[in-house]
Amino acid sequence: MKYISLMGTQTMAVLNPLLALMEQGKAVEKVYILATRKTMDRAESLKNFLVPDKIAPEHFDIIPVSDSLQKDREEREAVQNVLSGLISEDMTFNLAGGMNFQIAACVQVLSKEKCRFLYPESAGIHHFFMENCCMTSHEILPLPASVDVLKLQDISYSIEKSNIHPFLETVQKKCRFSVPSGALRHVRVYNEILNKDVIFDLVWNSGNEMKFLKIIHSSPKYNKNTDFYLQEARSVITLATNRELFGELYHRNVLVLTNHRASHERIIKEGGGKITSLFYFESSGNLGEKLLLAELKQKLERFMNPPLTAPFSKEVIRQETGNSKSGDTVLYTSLGSNIMPSLIALWSHSPAEVCFVYTPGIPEIEFFRDAILAENKILPVNTVSFYPVSIEGREIQDISKPAHGQGIVNITPGTKGHTAFLTLWAGKHGFPVYSLINPAGKYEEIPQGHSGEMKAPPPVPFLKLTGINVKQFGDGKGSILQNRQQHETVLEFLRMMHRENQPVSDFYKNSISLKNAGSECLNKDQKNEQVRIWQQDKADLTFFTQGDEWFEALTGFVMAECGAQDVQVRVKTRWPQETEVHLSQIHGKDIHMTDIDVIARFSTDYYVISCKSGNPGARGKITAEANAFASLFGRFSIPLVCYLKYKDEPYNTNNGVYIFGYRTLCDTEAMKALLKQAVAVRRNTGRGE
């Protein structure tokens with residue numbers, strides 16, 4: 001038998017299916033790994049692991065392929081062309097390696113052939129038998145023996161010597177769950193970029209994914225302040241939501257077990273679907289605690305020992321939006337734990353109807369589904385429907401062809417299983433298949449065909465559709481531009497101060513005298529603190545400077561001048577009602593979860609900027625905050641920090657957060673160059689997933 005797989009960044013996604021076949025006694029005579037420039041090192045690591053102990057050198061081939069679906073400058077063939085030359089009746093193709101668009105192109109090649117597909121999950125390996133776009137039979141192979149995934153993914157870690165955490169021990173006794181065999185305790189994951197190592201209480205390999213359990217425990221004897229718990233939550237959120245920081249480990253499942261309510265709520269809202277939080281607060285043993293324990297036990301058991309197939313409702317949800325959309329195109333795409341590519345696919349294709357395939361029982365996905373249904377009038381379609389399928393997506397083949405109109409498929413969102421079965425379904429009915437190409441800002445037909453410009457929803461509709469509980473939407477682009485004269489005057493005064501070597505941060509605190517201009521602080525140290533700026537032959541400008549609102553609006557204005565389609569400043573998200581009441585009793589009335597200073601949308605790129613006019617805090621804290629804000633807009637949003645006092649060139653803190661100051665802010669061309677550079681660094685994985 002031939003085993004063929006694309007090589008992605010996830011070594012286990014390629015290794016586990018192969019090991020499962022071998023442990024079942026399947027004779028694997030040849031292994032072909034198709035690797036791009038970006039994944040060649042991973043392929044070599046896989047080869048070093050397998051050869052010669054498990055596979056003879058002559059039976060293992062790494063074949064270089066193009067990063068795209070056409071031949072590249074180094075004359076490497078596209079994956080679909082290479083695969084065409086490897087087809088045989090004894091081949092088995094792994095659906096879990098590579099990018100979604102590569103999987104779709106390969107499935108198109110194999111759709112008319114007799115073929116076996118493999119798809120790994122946390123509890124088993126799906127083995128599909130396919131012919132002429134249809135599944136003829138299906139079996140599930142047991143998981144292979146565990147290997148050191150952290151080492152294979154080149155993640156630096158160490159094992160700390162420590163006893164089990166008392167809070168974990170308490171929950172274990174009350175919920176009666178056992179720690180998985182082979183689990184590592186107190187694993188310190190090093191990350192110089194994060195500037196804060198994260199210690200996980202338990203780490204173990206669960207089939208196709210790594211699982212990490214972190215305790216955040218609040219106790220009077222610890223004497224920790226609110227900021228400590230904020231940083232604990234933010235550090236694990238940053239690591240869990242950023243693949244680059246986590247050794248490109250995509251199949252990771254991070255759970256936080258906590259009795260700190262604010263940390264629990266923050267992780268839920270800022271985790272981007274990549275992190276789960278379970279809250280448990282010990283009380284006097286009343287009925288409420290018993291119900292809480294029963295729910296906690298169920299969720300922990302599912303996390304520790306997930307079922308291979310979970311039962312779910314087969315009901316298709318369909319709603320009319322009340323909008324009037326011309327045409328009869330129906331878009332079929334997936335709704336995954338990252339909602340951004342799903343919304344970009346919808347806005348880009350602009351169909352009359354949209355059908356989201358999705359997997360029920362996954363809390364973050366159901367949360368997005370419910371938010372979309374609640375805000376369906378925002379959608380640019382007549383009708384929205386949700387079709388329930390399993391994670392591997394085999395139920396997609398039962399979707400009925402639309403009664404009228406043209407069906408189109410976009411395979412970028414969702415699992416690779418959804419990608420494969422949507423591609424097979426499209427081939428069966430003769431529908432085109434598209435993918436989002438992030439670097440080019442286009443969607444393109446696979447393998448090569450029609451393309452169009454990618455589009456995305458503005459920030460406010462996006463936040464509503466993602467179910468973010470917004471307390472204050474702040475000011476939009478229109479309101480900001482109404483104060484053009486103020487912003488232009490401030491920017492020109494900052495340029496004049498720089499030319500005359502005056503510290504720019506002093507102008508709103510002290511009197512400044514320049515050659516033909518000056519400033520003075522009015523009502524200093526009072527709540528209505530103001531600044532007056534005068535320039536020769538121009539009217540005086542007086543504006544309030546208490547807090548950073550003036551600086552946030554100024555930064556938003558610069559984003560608009562750089563060409564942003566949408567700008568939103570001073571967006572505040574709120575806590576759930578119970579938590580908000582609790583915190584307001586402690587801290588006062590003006591309670592919010594997250595205060596996002598500036599959001600600027602350029603086409604499908606969302607820049608999230610934290611603005612600091614005063615003294616900057618610790619770099620790790622500020623960049624973690626910026627990353628947390630950006631996580632609300634998905635993996636490819638771009639976090640930045642603007643320090644008014646910073647005068648040098650922008651620099652990257654190596655965790656994707658660029659820091660810049662007044663010189664860049666005052667120079668539109670320099671600001672445009674920074675935005676371009678920041679998005680190029682952020683989008684280093686090619687197409688969307």
Side-chain angles (χ1 to χ4, degrees), residues 3-15 17-18 30-51 57 60-86 93-109 149 151-156 193 242-251 341 411-412 416 419 435-444 446-448 451 635-636 638 652 654-656 676-689:
Y3 177 78
I4 304 174
S5 179
L6 290 156
M7 189 72 222
T9 56
Q10 311 308 303
T11 306
M12 295 310 299
V14 181
L15 177 59
L18 176 58
K30 196 74 175 182
V31 174
Y32 295 103
I33 303 298
L34 314 183
T36 68
R37 275 188 306 239
K38 296 176 182 177
T39 62
M40 188 59 70
D41 288 346
R42 300 283 185 189
E44 293 291 346
S45 296
L46 180 65
K47 182 177 181 179
N48 292 337
F49 178 82
L50 291 169
V51 176
F60 192 105
D61 284 351
I62 299 176
I63 304 176
V65 295
S66 171
D67 287 320
S68 69
L69 298 181
Q70 57 188 354
K71 185 178 290 188
D72 62 20
R73 288 176 294 180
E74 298 177 14
E75 295 300 310
R76 289 177 302 187
E77 285 289 346
V79 291
Q80 69 271 19
N81 298 334
V82 172
L83 184 62
S84 296
L86 299 176
F93 184 79
N94 175 35
L95 293 173
M99 303 286 284
N100 282 15
F101 75 95
Q102 296 169 320
I103 294 292
C106 289
V107 169
Q108 285 181 336
V109 171
V149 180
K151 183 177 180 181
L152 278 172
Q153 289 289 143
D154 297 322
I155 298 174
S156 297
I193 297 172
N242 192 313
R243 272 174 50 185
E244 288 79 6
L245 297 182
F246 223 151
E248 290 290 343
L249 187 65
Y250 180 72
H251 296 289
I411 50 77
T412 297
K416 292 178 173 63
T419 288
S435 173
L436 303 178
I437 311 175
N438 283 312
K442 294 181 179 295
Y443 63 89
E444 183 178 77
I446 295 174
Q448 292 180 57
S451 65
R635 181 187 172 204
F636 288 121
I638 302 98
N652 186 358
N654 292 327
N655 63 351
K676 184 177 180 180
Q677 181 180 5
V679 75
V681 170
R682 196 69 167 178
R683 297 188 183 280
N684 60 3
T685 60
R687 301 187 183 214
E689 295 183 86

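Being a predicted model, the structure only gives us computed values, none of them experimental. The basis for the numbers below is simple: all heavy atoms, side chains too, and nothing from hydrogens, waters or symmetry mates.
Atom CE of residue Met40 and atom CD1 of residue Ile62 lie 6.5 Å apart, to the nearest 0.5 angstrom. Note that OG1 of Thr412 is 11.0 Å distant from CD of Glu444, once rounded to the nearest 0.5 Å. Here the CG-CG distance, from Leu50 to Leu15, works out to 5.5 Å after rounding to the nearest 0.5 Å. The CG atom of Leu86 sits 10.0 Å away from the CZ atom of Phe93 when rounded to the nearest 0.5 Å. Residue Asn652 holds its CG atom at 7.5 Å from CD of Gln677, rounded to the nearest 0.5 Å. Note that CD of Gln102 and CD of Gln80 are 9.5 Å apart. Values are rounded to the nearest 0.5 Å.
For the residue pair Asn100 and Lys416, the shortest heavy atom distance occurs at OD1-CG, 3.3 Å. Taking all atoms of both residues into account, the shortest heavy-atom contact from Ser435 to Ile411 is CB-CD1, 3.9 Å. Across Ala78 and Leu69, no two heavy atoms sit closer than the pair CB-C, 3.4 Å. In this structure, Gly97 and Ser5 approach most closely via the heavy-atom pair CA-OG, 4.2 Å. When all heavy atoms of Phe101 and Ser68 are compared, the pair lying nearest together is CE1-CA, 4.3 Å. Annotation for Ile446 and Ala104: closest pair CD1-CB, 3.8 Å, computed over non-hydrogen atoms.
For Tyr3, there are no ring pair (Phe, Tyr, Trp, His ring centres under 6.0 Å) partners two or more places apart in sequence or in a different chain. In this view, Thr39 and Met7, Ala35, Thr36 satisfy the side-chain contact (heavy atoms from CB on, under 4.5 Å) rule, not counting sequence neighbours. In terms of the salt bridge (Lys or Arg N to Asp or Glu O under 4.0 Å) criterion, residue partners of Glu75 (sequence neighbours excluded) are, by chain and number, Lys71. Applying the salt bridge (Lys or Arg N to Asp or Glu O under 4.0 Å) criterion to Asp61, with sequence neighbours excluded, gives Lys30. With sequence neighbours left out, the side chain to side chain donor-acceptor pair (under 3.5 Å) criterion links Gln108 to no other residue. Residues satisfying the side chain to side chain donor-acceptor pair (under 3.5 Å) criterion with Ser45, sequence neighbours excluded, are absent altogether.
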request  = Could you check Leu95 against Val107 for side-chain contact (heavy atoms from CB on, under 4.5 Å), going step by step and ending with a plain yes or no?
outcome  = CA-CA 9 Å; Leu95 293 173; Val107 169; 3.9 Å; yes
query = Does the pair Arg37 and Asp67 meet the rule for a salt bridge (charged side-chain N to carboxylate O under 4.0 Å, His left out), with working shown?
reply = CA-CA 7 Å; Arg37 275 188 306 239; Asp67 287 320; 2.9 Å; yes
request  = Show your working on side-chain contact (heavy atoms from CB on, under 4.5 Å) between Leu83 and Tyr32 and close with a plain yes or no.
outcome  = CA-CA 10 Å; Leu83 184 62; Tyr32 295 103; over 6 Å; no
